[in-house]
S.K.: 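I have a structure I would like to understand better, so I am pasting it below and will then ask my questions one at a time.
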There are 2 protein chains.
Amino acid sequence: MARKGGVFVDLPQGVELPVFGAGVVEAAPRRERSDAAESRRRVLDAARGLFAERSVDAVSMHEIGRAAGVGQGTLYRRYEHKGALCSALLAEEIEGFVDEVRRRAGGRGSALGRLKWFLGRLARFNDDNAALLGAIRDAAGGGRRVEMYGNPFYSWLRGTVAALVRQAMNEGAMMGELDVECVADALLATLNIDLYLYQRHELGMSRERVTRSLHALLDGLRPGPAS
Amino acid sequence: MARKGGVFVDLPQGVELPVFGAGVVEAAPRRERSDAAESRRRVLDAARGLFAERSVDAVSMHEIGRAAGVGQGTLYRRYEHKGALCSALLAEEIEGFVDEVRRRAGGRGSALGRLKWFLGRLARFNDDNAALLGAIRDAAGGGRRVEMYGNPFYSWLRGTVAALVRQAMNEGAMMGELDVECVADALLATLNIDLYLYQRHELGMSRERVTRSLHALLDGLRPGPAS
DNA sequence: CCAGCAAACGGATATATGTCCGCTTGAGTT
DNA sequence: AACTCAAGCGGACATATATCCGTTTGCTGG
């Protein structure tokens, strides 16, 4: 009932690609006050500007507040910490990324191929947004360690990889014995921002090398006599 | 010249397991002054005690200094930051871990089997030293991001996994096309402390589940007709 | 137009990390 | 035993994050 001769037959629960933001009910409690909207825009603009002209962690929250013309209280009520502000700045990029993935990886082609593409695309996302991702990671320390992997973006990545792995299994392109959740985490761990940047800039590996290795690893997971 | 009928024949460079601390020449510039040794001991003791009675990140460096009866300057000259102090506290555990690995994974048995054992043991190391490892990670932010993967312990982990993978390839238990360095990083990434603790405590996965999945993944990397 | 109030504001404040720098002292040297 | 000085010491200081709380203000219903 799962597959027949390697041909995909039906979709058990969770095989569709997850939708980013799904589950967010958002009671829309009240429209944002105009002054709040204004200050949000100013904060974001100021942060973008300062981050661009200096590095992200060479800019303090005080400085952002001063440049935006808002006090600390305002700043921190809206963005619980620097990482949250960086997340907000990243939101637009994430949206683009998510859209592109839905278009390319939701559609046709083998699930394995789409998974490979997805991971390669994620590597590029890492390169493109290294500074913000690093800052977000830095802010996820102490009592906030959970936010790293508990946030909606990571959940979506996780769900997407898991769904693709499951589809690939259905299509007979991947061993059926795998623990899908764990494998999804393992694959994503490979592109963990710290490790990725270390490989890229300290070990001098190219993006191609990293993704090629990942692809080889995926090819290894085909079902076969070995085992 | 590499292998004959799956039997290990010779050892190309880098196949031996690396020795922890190798390459550290340590010119031994001068013996440590007695007062310095004393204050080092007091700091370590104070830190251990405070960390035990509260959580690691609920204890400030000031507090450690006060409890140990040393000033901030003293504290920070010896330990550049909190992560360094935690590393010092972890050193003993690391030594034990390294010794055990040398005994069990340096010896006989299939390389693949030893690799599996090693990764399982590392997972246990994670569980046993979660608090300190987390604190070390937290301290590796901002301009110190490199220390995370550039430190001697990680280098040793990396070298060990790489050597075992290479041996497994020689023994014919693993695909020969793999990029050994990348695969080593990928395998270790799976046990990255943040992800591991998230899986264990937020997702409720058991250590067995995580390692079993990792083992299955390794089994998938056997050489085979697939590819 | 006005009153009421939740939301937003902003700067003082608390706390943490990490640095600076003048003073002290252990341990070789004469 | 006195001399010397690099190493060690310690607390004030600079800077960053994050919170608190009294004040102001945009919105809405009357």
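Per chain, numbering begins at 1; letters A, B, ... match sequence-line order.
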S.K.: Between C/dT17, C/dG18, C/dC9, which nucleotide has the shortest distance from any of its atoms to the side chain of B/H81?
M.R.: C/dG18
S.K.: Atom NZ in A/K82, atom CD1 in A/I64: separation rounded to 0.5 Å?
M.R.: 6.0 Å
S.K.: Rounded to the nearest 0.5 Å, how far apart are NZ of A/K116 and CG of A/L217?
M.R.: 10.5 Å
S.K.: Where each residue is assigned the nucleotide of DNA chain C containing its nearest heavy atom, which of A/R40 and B/K82 is assigned the position nearer the 5′ end?
M.R.: A/R40
S.K.: For A/D35 and D/dG26, give me the distance from atom CG to atom P, rounded to whole Å.
M.R.: 6 Å
S.K.: When all nucleic acid strands are considered with a 4.0 Å heavy-atom cut-off, which category describes B/S34: base, sugar-phosphate, or nothing?
M.R.: sugar-phosphate
S.K.: For A/Y79 and D/dT17, give me the distance from atom OH to atom C1', rounded to whole Å.
M.R.: 18 Å
S.K.: Taking the side chain of B/V70 as its heavy atoms from C-beta onward, which of D/dG8, D/dG10, C/dC9 lies nearest to it?
M.R.: D/dG10
S.K.: Report the nucleotide, chosen from C/dC9, D/dA6, D/dA18, that has the shortest atom-to-atom distance to any side-chain atom of A/Q72.
M.R.: D/dA18
S.K.: What nucleotide among D/dG8, C/dA16, C/dC9 has an atom nearest to a side-chain atom of A/R77?
M.R.: C/dC9
S.K.: CZ of B/R66 versus P of C/dT17: gap in Å, rounded?
M.R.: 11 Å
S.K.: Between C1' on C/dT15 and CD on B/E63, what's the gap in Å once rounded to a whole number?
M.R.: 11 Å
S.K.: C/dA8, OP1 or OP2 - any side-chain N/O from A/T74 closer than 4.0 Å?
M.R.: no
S.K.: Round to the nearest Å and state the distance from A/L75 atom CG to C/dA8 atom C1'.
M.R.: 13 Å
S.K.: Could you measure the distance from the CG atom of B/L119 to the CZ atom of B/R124? Nearest 0.5 Å is fine.
M.R.: 14.0 Å
S.K.: Under 4.0 Å between any heavy atoms, over every strand shown, what does B/R144 touch: base, sugar-phosphate, or nothing? Just pick one.
M.R.: sugar-phosphate
S.K.: Nearest whole Å is fine: how far is C/dA16 C1' from B/D138 CG?
M.R.: 13 Å
S.K.: Whole angstrom is fine here: how far is it from CZ in B/R78 over to C1' in D/dG10?
M.R.: 14 Å
S.K.: Indicate the ring-plane relationship of A/F153 and A/F125, choosing parallel, tilted or perpendicular according to the 30° and 60° boundaries.
M.R.: tilted
S.K.: Are any of A/S39's side-chain N or O atoms less than 4.0 Å away from OP1 or OP2 of C/dC9?
M.R.: yes
S.K.: Name the closest nucleotide to the B/R33 side chain, picking from C/dC9, D/dA6, D/dC9.
M.R.: D/dA6
S.K.: For B/E95, does the CD atom sit with more than 12 other heavy atoms under 6.0 Å from it, leaving out its own atoms?
M.R.: no
S.K.: Is it true that, when you exclude A/E92 itself, more than 12 heavy atoms of the residues, nucleotides or ligands shown sit nearer than 6.0 Å to its CD?
M.R.: no
S.K.: A/H62 has a side chain; which of D/dT17, D/dG10, C/dT17 sits nearest to it?
M.R.: D/dT17
S.K.: Quick check for you: among D/dC9, C/dA8, D/dT17, whose closest atom lies nearest to any side-chain atom of A/Y76?
M.R.: D/dT17
S.K.: Using atom CG of B/L85 as one end and atom P of C/dT17 as the other, report the distance to the nearest whole Å.
M.R.: 11 Å
S.K.: Between A/G71 and B/V59, just flag the one whose closest nucleotide in DNA chain C comes earlier from the 5' side.
M.R.: A/G71
